[in-house]
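Working notes, beginning with the structure itself.
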There are 2 protein chains.
Amino acid sequence: MLSFTEENYLKAIYHLSESGSKAVLTNEIAEAMSTKAASVTDMIKKLSTKNFISYEKYYGVKISRQGKSEALMIIRKHRLWETFLVEKLLFNWDEVHDIAEQLEHIQSPLLIQKLDEFLGFPKSDPHGEPIPDKNGKISMPSSMPLHDQLPGYAGSIVSVKDSDSNLLKYLNRIGATPGKKIRLLAKEEYDESLEIEVDEKRLTISKAVAQNILVAV
Amino acid sequence: MLSFTEENYLKAIYHLSESGSKAVLTNEIAEAMSTKAASVTDMIKKLSTKNFISYEKYYGVKISRQGKSEALMIIRKHRLWETFLVEKLLFNWDEVHDIAEQLEHIQSPLLIQKLDEFLGFPKSDPHGEPIPDKNGKISMPSSMPLHDQLPGYAGSIVSVKDSDSNLLKYLNRIGATPGKKIRLLAKEEYDESLEIEVDEKRLTISKAVAQNILVAV
DNA sequence: ATAAAAATTTAGACTAGTCTAAAAAAATAT
DNA sequence: ATATTTTTTTAGACTAGTCTAAATTTTTAT
Ligand SMILES: [Mn+2]
Ligand SMILES: [Mn+2]
Ligand SMILES: [Mn+2]
Ligand SMILES: [Mn+2]
C-alpha cells in the first residue's frame with residue numbers, strides 16, 4: 001500500500017517517463033513535484049526499495065512494470081473522477097483537476113469499478129485525455145502539440161493540458177475543445193504565435209497556448 | 001486547514017460529546033481512535049491551541065462552537081458520500097462506511113454543494129442518520145435504542161449503527177431497516193435478548209443488536 | 001587536461017504523529 | 001487519613017516527509 005506522497009511521486013515519474021525515453025532525472029522530479037532535489041533522492045530510494053522504479057546513483061530513475069501499472073491506476077482514477085465531476089455534477093472543465101488530485105488517492109477497487117460503470121465506461125476524460133482501462137491498458141491517441149505542426153495543417157483537437165484553470169477557461173472561450181476541427185493558417189516568425197481557424201473562427205494564439213493543444217496526426 | 005488526523009480526532013470528540021454532557025476523557029478518545037492515551041494528550045493540546053476544543057489538564061475536553069461546526073461539516077460530507085454510494089453507485093449499505101471515511105476528508109465546498117444537489121438534498125443517509133445542512137444544522141430525530149424500550153413498544157426504526165458491516169448485513173437480512181415498523185413483544189431476563197416483530201416477522205434478537213437499532217419515541 | 005559549473009547525494013535538523021516507560025495527579029478503598 | 005489503584009501527562013524515541021548546507025560526482029568550458 002502506497003502513501004499519498006509515494007503515489008504522487010510515482011505519477012510524476014510516470015508522466016516524465018512518457019515524455020522522453022531516457023532516465024528521469026532527480027531535478028526533473030523535483031521540479032514536477034515542487035520540492036527539493038534532496039527530498040527526491042530520499043523518496044526515489046524508497047520507491048526503488050519497493051521495486052516501483054530502478055535507480056542508479058547520479059544517473060536517474062526508470063519506472064518498472066509494477067510502477068507503471070500502479071501509476072496508470074492512479075491516472076485512471078483521476079480521469080474517471082474528472083469525468084464524473086463534469087458529466088454528473090456539472091462542474092466546468094477548468095474546475096475539476098484539483099479535486100481529482102485528491103480523489104485519485106481514495107482506495108477502493110470496487111468504487112472505481114462502480115464509478116466506471118456509472119459513467120458508461122468512458123474512453124477519455126473531459127480534456128480528451130485517455131482513461132486507462134481496469135487492466136491498465138491505455139490507448140495512446142497519436143497526437144502532437146499544435147505548435148509542432150506546419151502551416152497548412154488541418155485536423156482536430158485530441159486533448160488539452162488540464163492542470164491550468166486559466167488556460168482551460170481561455171480554450172473554452174475560443175471554442176478550442178477536444179473533437180473540434182482546427183486548421184493552422186500561418187506561423188509568425190517573431191514570437192512563434194499561430195494564426196488558426198477553430199470553431200469556424202479565425203484567431204491568433206500564442207506559442208504557450210499552442211504547445212498545450214494536442215491535435216490528431 | 002485541518003489535517004486528516006486532526007479531522008478524525010475532532011469527529012471522534014464530537015461524537016463522544018453527543019453521548020453524555022460531561023467533559024470527554026482522554027481514555028475515551030484513545031479508545032474511540034484506537035490509539036494510546038499519550039498520543040491523545042498531544043493531539044488535544046494541538047486542537048486546543050487551534051480553539052476547536054477547550055482542554056483542562058487531568059479534567060478532560062469540551063468541544064467549542066468552532067469545533068462542533070467543523071465536525072458537523074465532516075459528518076455532512078461522510079453521510080452525503082454514503083448516500084451517493086448507495087443511491088447512485090448501487091453499493092450495499094454495509095459496504096459504504098469505510099469508503100466514506102476516506103471521502104469525508106476531500107476538501108472542496110463546491111463539490112459538497114454540487115453533490116448535495118445531485119442527490120436531491122437528502123435529509124438522512126442510508127442508515128437513517130441525519131445529514132447536517134450546509135450551515136451545520138442537524139435535525140436530531142428523537143430516538144432511543146430499542147434495547148431501552150419496554151415490552152409493548154410499537155414504533156418504527158429511525159436509524160442503525162453504520163460502522164459494522166456484519167451488523168448491517170444481518171439487519172438487512174431480517175428486514176430491520178430505517179422506516180420499518182417494529183414492535184417489542186418481550187424481554188428475556190437472562191441475557192436481555194428481545195422478542196420482536198419487524199417486517200411482519202417475529203424473531204429474537206440479542207442485546208448487542210438491540211442496542212444498535214434506534215427507534216422513534 | 002584542468003578548472004569551473006551544474007547536478008546529485010549526504011548530513012543533520014525540523015514537524016506531525018505515534019509509541020513505551022516513567023512520573024504525577026486524581027479517584028477509590030481501607 | 002492513608003494507601004492503593006486508575007487515569008493522565010511527560011519524557012524520550014521512532015518513522016515519514018521535508019528542508020538547508022555541505023560534500024561529492026558529473027558535465028561543460030577553456
Ligand atoms: Mn487532471
Ligand atoms: Mn484531465
Ligand atoms: Mn458511516
Ligand atoms: Mn451512515
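It should be emphasised that the depicted structure is a prediction, and the values quoted were computed from it without experimental measurement. First the proteins, then the strands, lettered A, B, ... as listed; each starts at 1.
Residue B/Tyr59 has no polar side-chain atom (N or O) positioned under 4.0 Å from OP1 or OP2 of D/dT9. The phosphate of C/dC19 (OP1 or OP2) has a side-chain N or O of B/Ser39 nearer than 4.0 angstrom. Taking 4.0 angstrom as the limit, A/Tyr58 places none of its side-chain polar atoms (N or O) nearer than this to OP1 or OP2 of C/dT10.
The local environment of CD in A/Glu31 is sparse, with at most 12 non-hydrogen atoms from other residues, nucleotides or ligands closer than 6.0 Å. Surrounding NZ of B/Lys68 are at most 12 heavy atoms belonging to other residues, nucleotides or ligands under 6.0 Å away.
In this structure, B/Phe4 reaches neither bases nor backbone, as no heavy-atom distance under 4.0 Å exists between it and the strands shown. Backbone-only contact: A/Tyr55 has heavy atoms under 4.0 Å from sugar-phosphate atoms and none from a base. At the heavy-atom level, A/Thr5 lies under 4.0 Å from the strands shown only through sugar-phosphate atoms.
Residue order along DNA chain D, read from the 5' end via each residue's closest nucleotide, puts B/Lys45 first among B/Lys45 and A/Glu6.
For residues 95-142 of chain A, the pairs satisfying ring-ring contact (aromatic ring centres under 6.0 Å, His included) are A/Phe4-A/His105, A/His78-A/His97, A/Trp93-A/His127, with sequence neighbours left out.
Near DNA chain D, defined here as any heavy-atom distance below 4.0 Å, the residues from residues 23-38 of chain A are A/Thr35, A/Lys36, A/Ala38, listed numerically.
For B/Leu47 and C/dA16, the CG to C1' distance is 13 Å, given to the nearest whole Å.
Considering only side-chain atoms of A/Ile44, the nucleotide from C/dT9, D/dC19, D/dT9 that sits closest is C/dT9. Here the side chain of B/Lys57 is nearest to one of C/dT8, D/dT9, D/dC19, namely D/dT9. Of the candidates C/dT10, D/dT8, D/dC19, C/dT10 carries the atom nearest the A/Thr41 side chain, counting heavy atoms from C-beta on. Candidate nucleotides D/dT9, D/dT18, C/dT10 were compared by shortest atom distance to the side chain of A/Asp42, and D/dT18 ranks first.
Cation-pi geometry between B/Lys45 and B/Tyr55 is not satisfied (NZ or CZ under 6.0 Å from the ring centre, within 45° of the ring normal).
No side-chain heavy atom of B/Glu188 sits less than 4.5 Å from a side-chain heavy atom of B/Leu194.
Between B/Arg76 and the options B/Asn135, B/Asp116, B/Asp133, a side chain to side chain donor-acceptor pair (under 3.5 Å) holds for only B/Asp116.
Atom CE of B/Met73 is separated from atom CD of B/Gln107 by 12.0 Å, given to the nearest 0.5 angstrom.
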